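In what follows, every chain begins at residue 1, and chains take the letters A, B, ... in the order their sequences are listed. Quantities reported herein were computed from a predicted structural model and do not represent experimental measurements.
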Protein chains: 4
Amino acid sequence: MAVESEVVPESVPSLADLDGSRRTPATARGARTRAALVAAARVVFERDGYLDSRLSDISAEAGSSTGTFYTYFTSKDEILQAVIEAAQQDMLHPGTLHLEAADASPIAVIQASNRAYFESYQRNVKMMIIFEQLAGSDPKFRKLRALRGQAFTRRNARAIADLQSRGLADADLDPFLAARALSGMIGRIAYTTYALEEHVPIEELVAVTTRLWANALRLQFDESELEVR
Amino acid sequence: MAVESEVVPESVPSLADLDGSRRTPATARGARTRAALVAAARVVFERDGYLDSRLSDISAEAGSSTGTFYTYFTSKDEILQAVIEAAQQDMLHPGTLHLEAADASPIAVIQASNRAYFESYQRNVKMMIIFEQLAGSDPKFRKLRALRGQAFTRRNARAIADLQSRGLADADLDPFLAARALSGMIGRIAYTTYALEEHVPIEELVAVTTRLWANALRLQFDESELEVR
Amino acid sequence: MAVESEVVPESVPSLADLDGSRRTPATARGARTRAALVAAARVVFERDGYLDSRLSDISAEAGSSTGTFYTYFTSKDEILQAVIEAAQQDMLHPGTLHLEAADASPIAVIQASNRAYFESYQRNVKMMIIFEQLAGSDPKFRKLRALRGQAFTRRNARAIADLQSRGLADADLDPFLAARALSGMIGRIAYTTYALEEHVPIEELVAVTTRLWANALRLQFDESELEVR
Amino acid sequence: MAVESEVVPESVPSLADLDGSRRTPATARGARTRAALVAAARVVFERDGYLDSRLSDISAEAGSSTGTFYTYFTSKDEILQAVIEAAQQDMLHPGTLHLEAADASPIAVIQASNRAYFESYQRNVKMMIIFEQLAGSDPKFRKLRALRGQAFTRRNARAIADLQSRGLADADLDPFLAARALSGMIGRIAYTTYALEEHVPIEELVAVTTRLWANALRLQFDESELEVR
DNA sequence: GATGAATGAGATTTCATTCAT
DNA sequence: TATGAATGAAATCTCATTCAT
């Protein structure tokens, strides 16, 4: 159920669908070079930011020449997509684990999801900042940013509707809008905490956001359910 | 009380404190030119985006020469500060009006604040996108972004604590963190709606966010209070 | 007799002859403003160098506005001329005093002249550097630089020829070329000492240069004449 | 022995020690391009002067694009260093030849050195003017200017001290200061003749300066030694 | 596949000088 | 006379991308 990162939404679109990558390495050596470039790009982007990074720095960091870059990517844009893709995987993956337990209480699921989200956000904060930033100027990334949110929101909306139909959640809420608002709340407080560096211990973040979700949906719960793991 | 835009927080910091603008106009003519440049900058930024805008376009839009720009500003950065400053004023101001009514119910105040916030966000969405974007790369703007949020959060935290002390709100919530999460929720859904252009009628936004606030704080309210204005 | 700075050569050309200064102040207030500008220019030139100085800085230093500058001067070039003129006066003036004593021995005159030259060079070193520098790029100043040297050389050549005719100096020397070489020696060692900052006590400079002059011309002298003043 | 240009002083510092050039060509093609830029820079500097030259002119003269300039140099300053370096080599080199003859008389050595100096100064006069000019404003070049003079002075001082110890030169002269003054005399008269264009046949320059050196040091010599080559 | 040199469009920035008040 | 705002030509410098080796 519930938060943005809950489950890997099969519908989250891949940037790979949008572009035509220049080439898939044919040889093992080529695959190694390509992987080195992607890894180097993340290092450079995190160090210098996307706009202030230079392709030559990425090549250098990867130990290859400028020309080699163009063997695998057509633009800076394209390698960024590869890097974001990888970061997304990490953002989405962890949630799945916790949520397989089908018999978990709604509260427990929300709590686990929130925690997983904050942990992965923290790991990927630099790339999240860059992603957010690009969404501000490049329509392609803005679209992608929107799609990601929508996928989460749709799934959470389904979960909320389910709880409503079982009489467990406030029936007067529009499930889709509520999902959007509450997912956004999680995303934003993660941004504030890790991107704007207003440090708060993760346990407190988990506690307060889980309680707010529960209250906002008018879920019935026992105080013990909100205790720290 | 309550949401991010509730009241003009006297403590919201001005960028003017941070920079030493090149020159303050000594004559009325100078003041006119400077104002024309700021207005032109907003037009150009909204039209072309911050990064793709050129100083020469701003000068041209203002009807002056490139050199004149440098009479009043040292960089694109600096004039952006002036533009954001103006946008902030507009973001912060409207809320005040509604909230003077001391006898308004908490729900009514939240509702009015939310509406005012969404309206002003819509008016300034292009600049908000740019501001968000810059906060991602420039520490100066990031700091400012953080300070703005803090000012709102602090005030809302005070309001929540007040409601708690009167026995009206969930006493188990940390008022400061709750304020941060709920303020963020409003800001983020405004971003999604207007910046990412996932259109939702403002009445629905107001309705759902107000109900979520009320639920989240466990305020007692009558359904009629949540009816559209 | 002798060194570059010996006597105010009536023939040293003034820059005023070359240009048409914009205007001579008609009022006392105007004269004051003009004087303030010249003084300010020297301060700014010495502080920032000629090329890196801005007219606006000169105006500001003088306490007037940029526009006022053009009431008295037509260009940066022109005010530099005024400043150099003033410095030249100081370079040339001191020598006269010592040399009026017609019965002084040649050695004593050379010694006094050298000392006077080093002292005034030290006072005006910053402007000398600027003058030398301008001579490197601007034909007008190069011409002036040459004329100044020539005036000194001509006079010193006359003195050398006089000594030769009296049988006191090496008759095999071309008086004009010798004068040029020996005057240049003084000028250059002053440059090295004060402009390139290779510090040597002035007494040592005076002693060695005077002895070299005496030797070079094969003047007969008593060691006691070379003792420090 | 003796004049500024006598021997290649192994201690003359290279500017290459001071800077970190942008890139050292890795291929022959790169080396060719870099060399073409340095040659073009000298042409442009001599034609237009340093201050009035534009980087784009250097690139054009070298037959490459503006961007290529920045592949090898970071600034006009930096390429000037390379050009001066080359000119210095030419200034310093010629003297060596003449002086190998260990049995040459002191007078003959001085004479040959002076001639070599004047000849190389004439070849490089435009660059010497520029160097002198830059020394007036840029501390880096001023330092270099000073170091060059010092290297010559030190060596000449050694030669003078040697002559003194053999009883051949005036023992009352401080060898270091005398060397500085006499080296400077040569440098300055070369400047006057070639930079300020006060034309004097080189034979006369050699004759008068050699005689002045000999006299100044009180060397014993036969008139025949001073005859033109 | 890999290399690294070459390209060049175009934005920023300066400041002497003019001019309306 | 004094003011100070306005002007605008012109030069530097960057770096994604291409291409010959």
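Tyr72(A) has its OH atom 18 Å from the P atom of dT17(F), to the nearest Å. Put simply, CZ on Phe69(B) is 17 Å from P on dC15(E), counting in whole angstrom units. Per the geometry, CZ belonging to Arg32(A) stands 14 Å off C1' belonging to dA2(E), to the nearest Å. To the nearest angstrom, C1' of dA11(E) lies 16 Å from CG of Asp77(B). One interatomic measurement links the two molecules: OH of Tyr50(A) to P of dC15(F), which rounds to 13 Å at whole-angstrom precision. Atom CZ in Phe73(D) sits roughly 15 Å away from atom C1' in dA6(E) (whole-Å rounding). Look at CG on Asp52(C): it is 13 Å from P on dT14(E), rounded to the nearest Å. Between the CG atom of Leu55(C) and the C1' atom of dT3(F) there is a distance of 16 Å, rounded to whole Å.
Checking the phosphate oxygens (OP1, OP2) of dA2(F), a side-chain nitrogen or oxygen of Arg29(C) falls inside 4.0 Å. Between Ser56(B) and dA11(E), a side-chain N or O to OP1/OP2 separation shorter than 4.0 Å is absent. A sub-4.0 Å separation between OP1 or OP2 of dT3(E) and a side-chain N or O of Ser65(A) is present. Phosphate proximity of dT7(E) to Thr66(D): absent, as no side-chain N or O sits under 4.0 Å from OP1 or OP2. Considering only side-chain N and O atoms, Thr68(D) lies under 4.0 angstrom from the phosphate OP1 or OP2 of dT7(E). Taking only side-chain nitrogens and oxygens, Arg54(D) comes nearer than 4.0 Å to OP1 or OP2 of dA11(F).
Both Gly67(D) and Gly67(C) lie near DNA chain F, and the one whose nearest nucleotide falls closer to the 5' end is Gly67(C). Between Leu51(A) and Gly30(B), the one whose closest nucleotide on DNA chain F sits nearer the 5' end is Gly30(B). Nearer the 5' end of DNA chain E, as judged by each residue's closest nucleotide, is the contact made by Lys76(B), out of Ser53(C) and Lys76(B).
Nucleotide dA20(F) forms a pair with dT3(E), judged by Watson-Crick or G-U wobble geometry with both contacts under 3.5 Å.
In the displayed structure, Lys76(A) atom NZ is contacted under 6.0 Å by more than 12 heavy atoms of other residues, nucleotides or ligands.
Checked by atom type and distance alone, the side chain of Arg142(B) pairs as donor or acceptor with a backbone atom of Gly136(B) at under 3.5 Å. When atom types are taken as modelled, the side chain of Thr74(A) and the backbone of Tyr70(A) share no donor-acceptor pair closer than 3.5 angstrom.
Between Phe73(D) and the options Leu55(D), Leu80(D), Thr68(D), Ile79(D), a side-chain contact (heavy atoms from CB on, under 4.5 Å) holds for only Ile79(D).
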Problem set entry | Evaluation steps, salt bridge (charged side-chain N to carboxylate O under 4.0 Å, His left out), between Lys140(D) and Asp77(D) | CA-CA 10 Å; Lys140(D) 184 168 55 217; Asp77(D) 207 275; 2.7 Å; yes
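The distance from atom OG of Ser137(A) to atom CD1 of Ile129(B), rounded to the nearest 0.5 Å, is 10.0 Å.
Nucleic acid contact for Ser64(B): sugar-phosphate only, since backbone atoms but no base atoms lie under 4.0 Å from a heavy atom of the residue. Using a 4.0 Å heavy-atom distance criterion, Thr27(B) is classed as a sugar-phosphate-only contact. Contacts of Ser59(D) with the nucleic acid, taken as non-hydrogen atoms under 4.0 Å apart, are absent.
The listed nucleotides are dT13(E), dT1(F), dA5(F); the one nearest the side chain of Tyr70(B) is dT13(E).
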